[in-house]
*Asks:* 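If you scroll down you'll find the structure; I have some questions about it.
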Amino acid sequence: MSEPVQTPQTFPTRIFSGIQPSGGLTLGNYLGALKRFVEKQDEGIETIYCLVDMHAITVWQDPAKLRHATREAAAGFIAAGIDPARSVLFNQSQVTAHVELGWIFNCVARMGWMSRMTQFKDKAGKNSENVSLGLFAYPALMAADILAYKATHVPVGEDQKQHLELCRDIAIKFNKDFGVNYFPVVEPVIEGAATRVMSLRDGTSKMSKSDPSDQSRINLTDDADTISKKIRKAKTDAEPLPEHLDGLKDRPEAKNLVNIYAALAGHTPAQVIKDFAGAQFGTFKPALADLAVAKLSPITSEMTRLMKDPAEIDRILGEGAARADAIARPIVDEVYEIMGMIRSRHM
Ligand code: AMP
Ligand code: TRP
(Lines give C-alpha, C1' and ligand atoms only; values in the text may rest on other atoms or scores of the structure.)
(Ligands and ions follow the chains in the order given, each with its own letter.)
Protein backbone atom coordinates (compact mmCIF):
# COMPACT_ATOMS: atom_id res chain seq x y z
CA MET A 1 0.00 0.00 0.00
CA SER A 2 1.92 3.03 -1.13
CA GLU A 3 0.80 6.54 -0.31
CA PRO A 4 1.51 9.46 -2.59
CA VAL A 5 4.71 11.25 -1.62
CA GLN A 6 4.06 14.40 0.35
CA THR A 7 5.49 17.64 -1.00
CA PRO A 8 6.95 20.26 1.36
CA GLN A 9 4.25 22.73 0.36
CA THR A 10 1.69 20.87 2.42
CA PHE A 11 3.68 21.52 5.60
CA PRO A 12 4.06 25.02 7.05
CA THR A 13 7.43 26.54 6.16
CA ARG A 14 9.90 26.00 8.96
CA ILE A 15 13.66 26.39 8.72
CA PHE A 16 16.12 24.20 10.62
CA SER A 17 19.89 24.15 10.41
CA GLY A 18 22.87 23.19 12.51
CA ILE A 19 26.57 23.80 12.89
CA GLN A 20 29.04 21.60 14.77
CA PRO A 21 30.80 23.19 17.71
CA SER A 22 33.91 21.15 16.99
CA GLY A 23 36.18 24.19 16.69
CA GLY A 24 35.83 27.86 15.89
CA LEU A 25 33.48 29.17 13.20
CA THR A 26 35.14 29.91 9.86
CA LEU A 27 34.44 32.28 7.01
CA GLY A 28 33.04 29.19 5.22
CA ASN A 29 30.48 28.65 7.98
CA TYR A 30 29.64 32.33 7.93
CA LEU A 31 29.12 32.74 4.17
CA GLY A 32 27.78 29.23 3.46
CA ALA A 33 25.46 29.01 6.44
CA LEU A 34 25.27 31.64 9.19
CA LYS A 35 24.72 34.67 6.95
CA ARG A 36 21.86 32.80 5.30
CA PHE A 37 20.42 31.82 8.70
CA VAL A 38 20.17 35.51 9.59
CA GLU A 39 18.55 36.41 6.27
CA LYS A 40 15.89 33.72 6.72
CA GLN A 41 15.15 34.91 10.25
CA ASP A 42 14.88 38.48 9.01
CA GLU A 43 12.44 37.41 6.30
CA GLY A 44 10.11 36.50 9.17
CA ILE A 45 10.17 32.72 8.61
CA GLU A 46 10.12 30.43 11.67
CA THR A 47 13.79 29.56 12.23
CA ILE A 48 15.37 26.94 14.49
CA TYR A 49 19.17 26.83 14.77
CA CYS A 50 21.13 24.22 16.62
CA LEU A 51 24.71 23.79 17.82
CA VAL A 52 25.04 20.09 17.15
CA ASP A 53 27.24 18.92 20.02
CA MET A 54 26.08 15.31 19.57
CA HIS A 55 27.47 15.42 16.03
CA ALA A 56 30.73 16.96 17.25
CA ILE A 57 31.46 13.92 19.46
CA THR A 58 31.54 11.55 16.48
CA VAL A 59 35.23 12.37 16.76
CA TRP A 60 36.72 12.68 20.27
CA GLN A 61 36.33 16.13 21.80
CA ASP A 62 38.17 17.50 24.77
CA PRO A 63 35.33 18.31 27.21
CA ALA A 64 36.61 21.78 28.17
CA LYS A 65 37.13 22.68 24.51
CA LEU A 66 33.71 21.40 23.51
CA ARG A 67 32.08 23.52 26.21
CA HIS A 68 34.04 26.57 25.09
CA ALA A 69 33.40 25.97 21.38
CA THR A 70 29.66 25.58 21.97
CA ARG A 71 29.45 28.89 23.84
CA GLU A 72 31.69 30.58 21.30
CA ALA A 73 29.58 29.34 18.38
CA ALA A 74 26.44 30.58 20.17
CA ALA A 75 28.14 33.96 20.62
CA GLY A 76 29.03 33.89 16.90
CA PHE A 77 25.43 33.25 15.92
CA ILE A 78 24.16 36.11 18.05
CA ALA A 79 26.96 38.46 16.95
CA ALA A 80 26.16 37.68 13.31
CA GLY A 81 22.54 38.68 13.83
CA ILE A 82 20.62 35.70 15.19
CA ASP A 83 18.13 37.11 17.66
CA PRO A 84 17.31 34.47 20.30
CA ALA A 85 13.87 36.02 20.70
CA ARG A 86 12.97 35.50 17.03
CA SER A 87 14.94 32.31 16.30
CA VAL A 88 15.14 29.23 18.48
CA LEU A 89 18.85 28.85 19.34
CA PHE A 90 20.05 25.89 21.41
CA ASN A 91 22.52 23.06 21.71
CA GLN A 92 21.40 19.64 20.54
CA SER A 93 22.17 17.55 23.65
CA GLN A 94 19.63 19.53 25.70
CA VAL A 95 16.76 18.21 23.57
CA THR A 96 16.56 14.41 23.74
CA ALA A 97 14.11 14.16 20.82
CA HIS A 98 17.11 14.31 18.45
CA VAL A 99 18.76 11.11 19.65
CA GLU A 100 15.45 9.30 20.08
CA LEU A 101 14.42 9.98 16.50
CA GLY A 102 18.04 9.41 15.44
CA TRP A 103 17.82 5.81 16.67
CA ILE A 104 14.54 5.28 14.86
CA PHE A 105 16.12 6.59 11.67
CA ASN A 106 19.08 4.24 12.16
CA CYS A 107 16.43 1.56 11.71
CA VAL A 108 14.91 3.25 8.65
CA ALA A 109 18.09 4.14 6.74
CA ARG A 110 19.73 1.32 4.79
CA MET A 111 23.40 0.33 5.03
CA GLY A 112 23.73 0.86 1.29
CA TRP A 113 22.53 4.46 1.54
CA MET A 114 24.89 5.23 4.40
CA SER A 115 27.84 3.59 2.64
CA ARG A 116 27.48 6.02 -0.24
CA MET A 117 27.97 9.14 1.94
CA THR A 118 31.05 10.84 0.51
CA GLN A 119 31.69 12.87 3.66
CA PHE A 120 32.08 9.66 5.68
CA LYS A 121 34.48 8.27 3.10
CA ASP A 122 36.49 11.52 3.14
CA LYS A 123 36.58 11.76 6.91
CA ALA A 124 37.29 8.10 7.55
CA GLY A 125 39.80 7.80 4.72
CA LYS A 126 42.02 4.76 5.08
CA ASN A 127 41.10 4.63 8.76
CA SER A 128 37.53 3.36 8.30
CA GLU A 129 37.99 0.39 10.68
CA ASN A 130 38.98 2.74 13.46
CA VAL A 131 36.49 5.61 13.29
CA SER A 132 33.44 5.67 15.54
CA LEU A 133 30.18 4.00 14.63
CA GLY A 134 28.63 7.42 15.30
CA LEU A 135 30.56 8.95 12.42
CA PHE A 136 28.96 6.42 10.08
CA ALA A 137 25.46 6.89 11.52
CA TYR A 138 25.76 10.68 11.70
CA PRO A 139 23.61 11.51 8.63
CA ALA A 140 20.66 9.62 10.19
CA LEU A 141 20.98 11.80 13.30
CA MET A 142 21.13 14.83 11.02
CA ALA A 143 17.84 13.74 9.41
CA ALA A 144 16.39 13.40 12.91
CA ASP A 145 17.55 16.94 13.81
CA ILE A 146 15.53 18.27 10.91
CA LEU A 147 12.49 16.01 11.03
CA ALA A 148 12.00 16.24 14.81
CA TYR A 149 10.68 19.70 13.91
CA LYS A 150 9.07 18.70 10.60
CA ALA A 151 11.28 21.41 9.11
CA THR A 152 10.69 21.99 5.40
CA HIS A 153 13.74 24.02 4.39
CA VAL A 154 17.37 23.60 5.40
CA PRO A 155 19.98 26.25 4.58
CA VAL A 156 23.44 24.67 4.27
CA GLY A 157 26.68 24.86 2.31
CA GLU A 158 27.18 22.73 -0.78
CA ASP A 159 28.96 19.96 1.17
CA GLN A 160 25.72 19.00 2.96
CA LYS A 161 23.68 18.36 -0.18
CA GLN A 162 24.08 14.60 -0.11
CA HIS A 163 23.10 14.43 3.57
CA LEU A 164 19.90 16.30 2.78
CA GLU A 165 19.11 13.88 -0.03
CA LEU A 166 19.45 11.10 2.54
CA CYS A 167 17.06 13.02 4.83
CA ARG A 168 14.54 13.09 1.98
CA ASP A 169 14.98 9.34 1.42
CA ILE A 170 14.46 8.64 5.12
CA ALA A 171 11.27 10.74 5.23
CA ILE A 172 9.89 9.04 2.12
CA LYS A 173 10.71 5.56 3.40
CA PHE A 174 9.23 6.22 6.84
CA ASN A 175 6.02 7.58 5.29
CA LYS A 176 5.80 4.60 2.97
CA ASP A 177 6.70 1.94 5.58
CA PHE A 178 3.97 3.14 7.92
CA GLY A 179 1.43 4.28 5.33
CA VAL A 180 1.42 7.87 6.58
CA ASN A 181 2.23 11.32 5.27
CA TYR A 182 3.95 12.28 8.47
CA PHE A 183 7.31 13.76 7.53
CA PRO A 184 7.93 16.50 4.97
CA VAL A 185 10.41 15.90 2.17
CA VAL A 186 12.86 18.72 2.87
CA GLU A 187 14.18 21.27 0.42
CA PRO A 188 17.88 22.10 0.61
CA VAL A 189 18.52 25.86 0.52
CA ILE A 190 21.97 26.23 -1.03
CA GLU A 191 22.17 29.86 -2.06
CA GLY A 192 24.57 32.72 -2.58
CA ALA A 193 27.95 33.32 -4.13
CA ALA A 194 29.88 31.28 -1.57
CA THR A 195 28.17 27.94 -1.01
CA ARG A 196 31.59 26.31 -1.01
CA VAL A 197 34.37 28.53 0.33
CA MET A 198 37.73 26.97 -0.44
CA SER A 199 40.96 26.86 1.59
CA LEU A 200 43.19 29.95 1.21
CA ARG A 201 46.13 27.58 0.71
CA ASP A 202 44.55 25.23 -1.82
CA GLY A 203 41.68 26.24 -4.09
CA THR A 204 40.65 22.62 -4.54
CA SER A 205 39.94 21.77 -0.89
CA LYS A 206 37.16 23.13 1.31
CA MET A 207 37.87 25.76 3.97
CA SER A 208 37.41 23.81 7.18
CA LYS A 209 37.73 24.26 10.93
CA SER A 210 39.58 20.96 11.06
CA ASP A 211 42.33 21.85 8.54
CA PRO A 212 45.67 21.60 10.39
CA SER A 213 46.85 24.89 8.82
CA ASP A 214 45.36 27.99 10.43
CA GLN A 215 46.53 29.95 7.35
CA SER A 216 44.04 27.97 5.26
CA ARG A 217 41.03 29.65 6.87
CA ILE A 218 39.66 32.85 8.33
CA ASN A 219 38.20 32.29 11.78
CA LEU A 220 35.43 34.51 13.09
CA THR A 221 37.73 35.12 16.08
CA ASP A 222 40.65 36.45 13.95
CA ASP A 223 41.53 40.11 14.51
CA ALA A 224 41.69 42.64 11.65
CA ASP A 225 45.42 42.31 11.23
CA THR A 226 45.28 38.49 11.02
CA ILE A 227 42.44 38.60 8.48
CA SER A 228 44.38 41.03 6.29
CA LYS A 229 47.58 39.00 6.47
CA LYS A 230 45.83 35.73 5.64
CA ILE A 231 44.14 37.26 2.59
CA ARG A 232 47.31 38.93 1.35
CA LYS A 233 49.18 35.63 1.71
CA ALA A 234 46.39 33.57 0.11
CA LYS A 235 47.61 31.33 -2.69
CA THR A 236 46.86 32.66 -6.20
CA ASP A 237 48.18 32.32 -9.71
CA ALA A 238 50.18 35.03 -11.49
CA GLU A 239 47.52 36.22 -13.95
CA PRO A 240 45.42 39.37 -13.49
CA LEU A 241 41.67 38.93 -12.97
CA PRO A 242 39.89 38.14 -16.24
CA GLU A 243 37.46 40.36 -18.16
CA HIS A 244 34.70 37.73 -17.98
CA LEU A 245 33.49 35.15 -15.49
CA ASP A 246 34.44 32.20 -17.73
CA GLY A 247 38.06 33.35 -17.41
CA LEU A 248 37.96 31.97 -13.85
CA LYS A 249 37.48 28.42 -15.07
CA ASP A 250 40.53 26.33 -14.10
CA ARG A 251 41.69 29.09 -11.73
CA PRO A 252 40.28 27.73 -8.43
CA GLU A 253 42.16 30.12 -6.12
CA ALA A 254 41.20 33.23 -8.10
CA LYS A 255 37.63 32.04 -8.35
CA ASN A 256 37.46 31.45 -4.61
CA LEU A 257 38.62 34.98 -3.77
CA VAL A 258 36.15 36.48 -6.25
CA ASN A 259 33.32 34.43 -4.74
CA ILE A 260 34.30 35.48 -1.22
CA TYR A 261 34.35 39.13 -2.30
CA ALA A 262 30.94 38.76 -3.95
CA ALA A 263 29.37 37.06 -0.94
CA LEU A 264 30.76 39.62 1.52
CA ALA A 265 29.72 42.57 -0.65
CA GLY A 266 26.31 41.11 -1.49
CA HIS A 267 27.14 41.25 -5.22
CA THR A 268 27.24 38.56 -7.88
CA PRO A 269 30.64 37.21 -8.95
CA ALA A 270 29.92 38.71 -12.41
CA GLN A 271 29.63 42.18 -10.86
CA VAL A 272 32.93 41.71 -9.01
CA ILE A 273 34.67 40.66 -12.24
CA LYS A 274 33.25 43.70 -13.97
CA ASP A 275 34.58 46.01 -11.24
CA PHE A 276 38.02 44.37 -11.10
CA ALA A 277 38.51 43.30 -14.74
CA GLY A 278 42.22 43.17 -15.49
CA ALA A 279 43.23 43.96 -11.88
CA GLN A 280 46.35 42.35 -10.42
CA PHE A 281 46.10 40.51 -7.11
CA GLY A 282 48.25 43.33 -5.71
CA THR A 283 45.15 45.49 -6.10
CA PHE A 284 42.40 42.95 -5.56
CA LYS A 285 43.70 41.34 -2.36
CA PRO A 286 43.94 44.59 -0.35
CA ALA A 287 40.41 45.51 -1.48
CA LEU A 288 39.18 42.08 -0.39
CA ALA A 289 41.08 42.33 2.91
CA ASP A 290 39.48 45.72 3.65
CA LEU A 291 36.03 44.41 2.82
CA ALA A 292 36.51 41.27 4.95
CA VAL A 293 37.73 43.32 7.91
CA ALA A 294 34.83 45.78 7.55
CA LYS A 295 32.27 42.96 7.51
CA LEU A 296 33.84 40.58 10.05
CA SER A 297 35.39 42.88 12.68
CA PRO A 298 32.06 44.00 14.16
CA ILE A 299 31.07 40.33 14.52
CA THR A 300 34.39 39.44 16.16
CA SER A 301 34.18 42.25 18.69
CA GLU A 302 30.59 41.44 19.56
CA MET A 303 31.57 37.77 20.05
CA THR A 304 34.35 38.81 22.41
CA ARG A 305 31.92 40.96 24.37
CA LEU A 306 29.34 38.15 24.62
CA MET A 307 31.96 35.61 25.69
CA LYS A 308 32.64 37.67 28.83
CA ASP A 309 29.30 36.44 30.18
CA PRO A 310 29.16 32.66 29.62
CA ALA A 311 26.28 32.30 32.11
CA GLU A 312 24.14 34.52 29.92
CA ILE A 313 24.98 32.39 26.85
CA ASP A 314 24.05 29.24 28.77
CA ARG A 315 20.80 30.87 29.82
CA ILE A 316 19.95 31.69 26.19
CA LEU A 317 20.75 28.11 25.09
CA GLY A 318 18.64 26.70 27.91
CA GLU A 319 15.69 28.84 27.01
CA GLY A 320 16.06 27.93 23.33
CA ALA A 321 16.22 24.23 24.28
CA ALA A 322 12.95 24.50 26.21
CA ARG A 323 11.27 26.08 23.19
CA ALA A 324 12.78 23.48 20.84
CA ASP A 325 11.63 20.66 23.13
CA ALA A 326 8.08 22.00 23.13
CA ILE A 327 7.99 21.58 19.33
CA ALA A 328 9.90 18.31 19.00
CA ARG A 329 8.49 16.31 21.95
CA PRO A 330 4.94 15.90 20.60
CA ILE A 331 6.30 15.06 17.14
CA VAL A 332 8.54 12.27 18.44
CA ASP A 333 5.77 11.00 20.75
CA GLU A 334 3.51 10.72 17.72
CA VAL A 335 6.21 8.80 15.88
CA TYR A 336 6.27 6.24 18.72
CA GLU A 337 2.49 5.93 18.40
CA ILE A 338 2.70 5.45 14.65
CA MET A 339 5.31 2.72 15.14
CA GLY A 340 3.32 0.80 17.76
CA MET A 341 5.32 1.57 20.91
CA ILE A 342 3.26 1.31 24.11
CA ARG A 343 3.17 4.75 25.78
CA SER A 344 1.60 4.05 29.17
CA ARG A 345 4.10 5.69 31.54
CA HIS A 346 2.60 8.40 33.73
CA MET A 347 4.37 11.68 32.96
P1 AMP B 1 30.16 22.32 9.87
O2 AMP B 1 31.22 23.27 10.27
O3 AMP B 1 30.70 21.16 9.10
O4 AMP B 1 29.26 21.94 10.99
O5 AMP B 1 29.25 23.10 8.82
C6 AMP B 1 28.19 23.94 9.23
C7 AMP B 1 27.58 24.62 8.03
O8 AMP B 1 28.53 25.44 7.37
C9 AMP B 1 27.04 23.65 6.97
O10 AMP B 1 25.87 24.20 6.41
C11 AMP B 1 28.15 23.63 5.95
O12 AMP B 1 27.69 23.31 4.66
C13 AMP B 1 28.64 25.07 6.01
N14 AMP B 1 30.05 25.14 5.62
C15 AMP B 1 31.11 24.58 6.26
N16 AMP B 1 32.25 24.83 5.60
C17 AMP B 1 31.91 25.55 4.51
C18 AMP B 1 32.64 26.11 3.42
N19 AMP B 1 33.97 25.98 3.33
N20 AMP B 1 31.95 26.78 2.47
C21 AMP B 1 30.60 26.93 2.55
N22 AMP B 1 29.86 26.42 3.54
C23 AMP B 1 30.50 25.74 4.52
N1 TRP C 1 26.06 17.90 9.15
C2 TRP C 1 26.17 19.33 9.24
C3 TRP C 1 27.63 19.74 9.01
O4 TRP C 1 28.53 19.08 9.41
C5 TRP C 1 25.69 19.88 10.56
C6 TRP C 1 24.28 19.49 10.82
C7 TRP C 1 23.86 18.57 11.75
C8 TRP C 1 23.12 19.97 10.19
N9 TRP C 1 22.54 18.48 11.74
C10 TRP C 1 22.03 19.32 10.80
C11 TRP C 1 22.91 20.90 9.17
C12 TRP C 1 20.72 19.54 10.39
C13 TRP C 1 21.59 21.12 8.77
C14 TRP C 1 20.51 20.45 9.38
O15 TRP C 1 27.85 20.75 8.46
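When a ligand or atom number is given, it counts from 1 through the structure's own listing order.
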*Asks:* Using modelled atom types only, decide if a donor and an acceptor are shared between the side chain of Glu319 and the backbone of Ile316 within a distance under 3.5 Å.
*Replies:* no
*Asks:* Transitively linked via ILVMFWY side-chain contacts under 4.5 Å: Ile15 with Leu31?
*Replies:* yes
*Asks:* Identify the closest protein heavy atom to atom 5 (O) of ligand 1: which residue and atom is it, and at what distance?
*Replies:*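 Nearest neighbour among protein heavy atoms for atom 5 (O) of ligand 1, to 0.1 Å: Asn29 ND2, 3.4 Å.
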*Asks:* If you take the nearest heavy atom of each of Met207, Lys161, His55, Gln20, which one is closest to atom 3 (O) of ligand 1?
*Replies:*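 Looking at heavy atoms only, Gln20 sits closest to atom 3 (O) of ligand 1.
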*Asks:* Within a distance under 4.0 Å of any heavy atom of Arg196, pick out the atoms of ligand 1 and give their elements.
*Replies:* 20 (N), 21 (C)
*Asks:* Which heavy atom of Ile170 sits nearest to which heavy atom of Ala109, and what is that distance?
*Replies:* CD1-CB, 4.0 Å
*Asks:* With atom 12 (O) of ligand 1 as the reference point, say which of Thr195, Asp211, Val156, Asp159 has the nearest heavy atom.
*Replies:* Asp159
*Asks:* Under the ring-ring contact (aromatic ring centres under 6.0 Å, His included) definition, can you give me all pairs with a residue in residues 63-84, not counting sequence neighbours?
*Replies:* Phe37-Phe77
*Asks:* Just distances here: any N/O of Lys209 and N/O of ligand 1 closer than 3.5 Å?
*Replies:*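 Yes - when backbone and side-chain N and O of Lys209 are compared with those of ligand 1, one distance drops under 3.5 Å.
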*Asks:* Within 45 degrees of the ring normal and closer than 6.0 Å to the centroid, is that where the cationic atom of Lys123 sits relative to Tyr138?
*Replies:*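 Verdict for Tyr138: a cation-pi partner in Lys123.
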*Asks:* Please state whether the rings of Phe281 and Phe284 are parallel, tilted or perpendicular, taking 30° and 60° as the class boundaries.
*Replies:*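 Correct class here is perpendicular.
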*Asks:* Hey, is ligand 1 close enough to Ala194 that some N/O pair sits below 3.5 Å?
*Replies:* no
*Asks:* By number and element, which atoms of ligand 1 are closer than 4.0 Å to a non-hydrogen atom of Ala33?
*Replies:*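 Result: 7 (C), 8 (O), 10 (O).
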*Asks:* Please test Lys206 against Asp211 for salt bridge (Lys or Arg N to Asp or Glu O under 4.0 Å), starting from the C-alpha separation and ending with a verdict.
*Replies:* CA-CA 9 Å; Lys206 191 185 73 165; Asp211 193 310; over 6 Å; no
*Asks:* Please say whether the positively charged group of Lys173, taken as NZ for Lys or CZ for Arg, lies over the ring of Phe105, i.e. under 6.0 angstrom from the six-membered ring centre and within 45 degrees of the axis.
*Replies:* no
*Asks:* Answer yes when Glu100 and Arg329 have at least one side-chain N-carboxylate O distance shorter than 4.0 Å, and no when they do not.
*Replies:*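 Here Glu100 pairs with Arg329 in a salt bridge, since their nearest N and O are under 4.0 Å apart.
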*Asks:* Taking distance alone, with N or O pairs closer than 3.5 Å, would you say Lys206 contacts ligand 1?
*Replies:*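 For ligand 1, there is no N or O atom that lies under 3.5 Å from one belonging to Lys206.
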*Asks:* Taking the inter-plane angle between the rings of Phe174 and Tyr182 on a 0 to 90° scale, is it parallel (under 30°), tilted (30 to 60°) or perpendicular (over 60°)?
*Replies:* tilted
*Asks:* Does any N or O of ligand 1 fall below 3.5 Å from an N or O anywhere on Gln160, backbone included?
*Replies:*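 Not met; the criterion fails.
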*Asks:* At a 4.0 Å threshold, what atoms of ligand 1 neighbour a non-hydrogen atom of Gly32?
*Replies:* 21 (C), 22 (N)
*Asks:* When you look for protein heavy atoms under 4.0 Å from ligand 2, which residues do they belong to?
*Replies:*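 Answer by chain and number: Phe16, Ser17, Gly18, Gln20, Val52, His55, Tyr138, Met142, Asp145, Ile146, Val154, Val156, Gln160.
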